[in-house]
Amino acid sequence: MSLDWGYTDDNGPSTWAEKYPLAAGARQSPVDIDTSKATSDNSLVDREIDWSYPSNCSYRIVNTGYGWRVDTYGDDTALSGGPLSEVYKLEQFHCHWGATNDEGSEHTVDGKSYAAELHLVHWNSEKYSSFKEAASQPDGLAVLGVFMEIGNADNAELEKIISLIPKIIHKGQDSQASFDLDFGSLLPESKHYWTYLGSLTTPPCNECVIWTVFKEPITISERQLEVFRSLKSVGEEDAIEPEEGKLVKNYRPPLPLGNRVLRECGP
Ligand SMILES: NS(=O)(=O)c1c(F)c(F)c(-n2cc(CC3CCCCC3)nn2)c(F)c1F
Ligand SMILES: [Zn+2]
């Protein structure tokens, strides 16, 4: 069964608009962050971005066919401040990566790619009654983007996720994810970031995301990134060769910022 969208030459980002017209919109993500275009905004400094995640809020990890995704109980989570006017709750987090370490992030900075990018996806539970409803609204979702660069040591918190990947190698497989996760270790020490209005970076590409991309990367080891690339985009029942169907890349290249404002908080 062929996927109706993906990251290969015949179903990749350049084809998405055929089946998902929003992908051709003017408020798409990711973008290249041209640091010379970023404007400082005191209102961002006055209302520091703030988050709270109980370490036990994760409950499941699933192979979506496009990567791994950890689903979370949002009730006791909160993201507020910075560019956000309401409190947003954590719905899920996932990652994007490439076939080699010189690509993989979705956002780029002055044309530079990182090896991977972590996304923490939140929805506006003050204004909307569900994630799905929020995903149809211009201020419905808030995604934190965290760049990941190759480091010598394993990332201990990521290792809790990576240790479950062998259980979800094939599309549709899932596993209980009842680990205690210190989200503070998955976010950079510095709260400096860029922010702009954008979209989901995968179909249906809804233009519903207030993006916050941290300036400081976290680190992941080469071995850990290789485990990500061992995931498969096809189900166990799909008869393919062992090396076929590996999810070696799942990032969308940048789209034009156009006339959108890019703001920054912190140097
Ligand atoms: N890369 S990203 O921009 O951070 C990112 C996200 F923020 C997402 F929310 C999703 N997402 C997609 C759906 C299906 C929904 C089904 C109902 C309509 C909205 C989409 N669930 N979560 C997603 F896949 C993704 F890649
Ligand atoms: Zn993402």
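Counting starts at 1 for both ligands and their atoms, in listed order. Keep in mind that what you see is a predicted model, and the values were worked out from it rather than measured.
Interface of Val121 with ligand 1, defined as ligand atoms under 4.0 Å from a residue heavy atom, comprises 4 (O), 6 (C), 7 (F), 9 (F). Near Leu141, the atoms of ligand 1 lying under 4.0 angstrom from a non-hydrogen atom of the residue are 9 (F). Ligand 1 places these atoms under 4.0 Å from at least one heavy atom of His119: 1 (N), 2 (S), 4 (O).
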Trace of the side chain to side chain donor-acceptor pair (under 3.5 Å) decision for Tyr196 with Thr212: CA-CA 7 Å; Tyr196 75 98; Thr212 299; over 6 Å; no

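For atom 19 (C) of ligand 1, the nearest protein heavy atom (residue, atom name, distance) is Ala135 CB, 3.6 Å. Atom 17 (C) of ligand 1 has Lys132 CG, 4.0 Å as its closest protein atom, hydrogens excluded (heavy atom only). Protein heavy atom in closest approach to atom 23 (C) of ligand 1: Thr202 OG1, 3.6 Å. Among protein heavy atoms, atom 9 (F) of ligand 1 sits closest to Phe131 CZ, 3.4 Å.
Electrostatic pairing of Glu103 and Lys112 does not count as a salt bridge here, judged by no charged N lying under 4.0 Å from a carboxylate O. For the pair Asp4 and Lys19, the salt-bridge criterion is not met [side-chain N within less than 4.0 Å of a carboxylate O]. Under a 4.0 Å N-O distance rule, the pair Arg223/Asp154 qualifies as a salt bridge.
There is a protein heavy atom less than 4.0 angstrom from atom 5 (C) of ligand 1.
Counting heavy atoms under 4.0 Å from ligand 1, residue Val209 does not touch it at all. Contact annotation: for His94 versus ligand 1, heavy atoms closer than 4.0 Å belong to the side chain alone. At a 4.0 Å heavy-atom cut-off, ligand 1 does not touch Trp123 at all. Contacts between Thr201 and ligand 1, counted as non-hydrogen atom pairs separated by less than 4.0 Å, involve both the backbone and the side chain. At a heavy-atom cutoff of 4.0 Å, ligand 1 is contacted by the side chain of His96 but not by its backbone. Counting heavy atoms closer than 4.0 Å to ligand 1, residue Tyr66 contributes nothing at all. Looking at Leu200 against ligand 1, both its backbone and its side chain come within 4.0 Å, counting heavy atoms.
Checking Ser43 against Asp46 by side-chain atom types alone, no donor-acceptor pair falls below 3.5 Å. Tyr20 and Asn206 share no side-chain donor-acceptor pair at under 3.5 Å.
Residue contact check for ligand 1: Gln92 places a non-hydrogen atom closer than 4.0 Å to it. At least one heavy atom of Trp211 sits less than 4.0 Å from an atom of ligand 1.
Under a cutoff of 6.0 Å and an axis angle of 45°, Lys191 and Tyr193 do not form a cation-pi pair.
Tyr251 and Leu158 are members of different hydrophobic clusters when ILVMFWY side chains are connected at heavy-atom separations under 4.5 Å.
You'll find the side chain of Trp68 reaches within 4.5 Å of the side chain of Phe228, heavy atoms only. Side-chain atoms of Leu79 and Ile49, non-hydrogen and from C-beta on, do get closer than 4.5 Å to each other.
Of all the N, O or S atoms in His119, the one closest to the Zn ion (ligand 2) is ND1.
Metal site remark for the Zn ion (ligand 2): Cys95 contributes no N, O or S atom at a distance under 2.8 Å.
Residue Thr201 forms a side-chain hydrogen bond (donor to acceptor under 3.5 Å, both in side chains) with just one option from Arg252, Glu106, His107, Gln28, and that option is Glu106. Here the rule is ring-ring contact (aromatic ring centres under 6.0 Å, His included) with His122, and of Phe131, Tyr128, Phe93, Tyr53 only Tyr53 fits it.
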